[in-house]
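Owing to the predicted nature of the structure, the values given are computational and were not obtained by experimental measurement.
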Amino acid sequence: MATKSHPPLMKKHSQSDLVSRLKTRKILGVGGEDDGGEVHRSKISQVLGNEIKFSGREPLGLRVWLVVSAVMLTVLALMALTFPIQLYDTIFDEELVGTKMSIRLYGGALLSISLVIWNALYTTEKVIIRWTLLTEACYFGIQFLVTAITLVENGTVSNKALVLVFSRVAFVGISLCYYYQLGRRPKKI
């Protein structure tokens, strides 16, 4: 059996490597500025888009609000999961008529939302934080409606329930305020 002899390996000069690399990048359309003024490092980032991070400073108090709401929802979720009857009695000042299962399911949903908020704390991407704030605002808005309708149906209004209703309106306002602040375009100087 005859073995083929391979030609000797040729070393490329670094200058020709650089020139061929630049030619390749030019053909691919990466490395230069596009119409939006963005410089793409690779074709993948050009196709998928760059993540939108904070170009300047993030809104004042945003991270504090995310921590406060994450802690609040986590504590409320753990209370709903472990002590559903006591949680209901505390808010509505009446005994629970239905099963504990519905309040525990509520606690599970709350825990899921709080995990999303906890994860939003560790990102700098505007889109993820905006979606988290919108999720939070939707939750607080729906809870406001459900609590208000329940209070009207029961005909009794306790001070604790009124505090809950008004706090939910405030929480919707705060979340939407940060949501819109993150959506604004930064001012060019």
Is there a chain of hydrophobic side chains (I, L, V, M, F, W, Y, each step under 4.5 Å between heavy atoms) that links Ile128 to Val67? no
Could you report the tightest heavy-atom contact between Leu78 and Thr82, atom names first, then the distance? O-OG1, 2.6 Å
May I ask you to test the Glu153-Ile149 pair for a side-chain heavy-atom distance under 4.5 Å? yes
Between Val75 and Trp65, is there shared hydrophobic-cluster membership here, with clusters defined by ILVMFWY side-chain heavy atoms closer than 4.5 Å? yes
Smallest separation among heavy atoms of Ala137 and Ser175, with atom names: CB-CB, 3.9 Å
Any chance you could lay out the side-chain contact (heavy atoms from CB on, under 4.5 Å) test for Leu76 and Leu87, step after step, and finish with the verdict? CA-CA 9 Å; Leu76 194 59; Leu87 180 66; 3.8 Å; yes
Does any N or O in the side chain of Tyr178 come within less than 3.5 Å of the main-chain N or O of Gly61, such that one atom is a donor and the other an acceptor? yes
Test side-chain contact (heavy atoms from CB on, under 4.5 Å) applied to Met79 and Ile103, step by step: CA-CA 10 Å; Met79 284 177 59; Ile103 295 177; over 6 Å; no
Enumerate the ring pair (Phe, Tyr, Trp, His ring centres under 6.0 Å) contacts for residues 121-146, please, sequence neighbours excluded, ordered by first and then second residue. Phe140-Phe171
Given Leu145, Leu151, Thr150, the one that forms side chain to side chain contact (heavy atoms under 4.5 Å, CB included) with Val165: Leu151
So, for Arg63 and Leu121, which heavy atoms are closest and what is the spacing to 0.1 Å? NH1-O, 2.7 Å
Cluster membership besides Val146, Ile/Leu/Val/Met/Phe/Trp/Tyr side chains within less than 4.5 angstrom, sorted by chain and number, is Ile142
Does any N or O in the side chain of Thr123 come within less than 3.5 Å of the main-chain N or O of Ala120, such that one atom is a donor and the other an acceptor? no
Leu176 with Ile174, same ILVMFWY side-chain cluster at under 4.5 Å: yes
Of all heavy-atom pairs linking Leu164 and Gln143, the shortest is CD1-NE2, 4.5 Å
Residues pairing under side-chain hydrogen bond (donor to acceptor under 3.5 Å, both in side chains) where one sits in residues 66-81, two or more places apart or in two chains, turn out to be Ser69-Glu136, Thr74-Ser114, Thr74-Trp118
Can you hop from Tyr180 to Val172 via hydrophobic side chains spaced under 4.5 Å? yes
Scanning both residues in full, the closest heavy-atom pair of Gln181 with Pro59 reads OE1-CB, 3.0 Å
Starting from Met72, can I reach Phe83 by hopping between I/L/V/M/F/W/Y residues whose side chains sit under 4.5 Å apart? no
Please evaluate residues Leu66 and Leu133 with respect to the criterion side-chain contact (heavy atoms from CB on, under 4.5 Å), reporting the C-alpha separation (whole Å), side-chain torsions for both, the decisive distance (0.1 Å), and the verdict. CA-CA 8 Å; Leu66 288 174; Leu133 289 167; 4.1 Å; yes
Show the numbers, then the answer: is there a side-chain contact (heavy atoms from CB on, under 4.5 Å) between Leu110 and Leu81? CA-CA 10 Å; Leu110 267 184; Leu81 288 170; over 6 Å; no
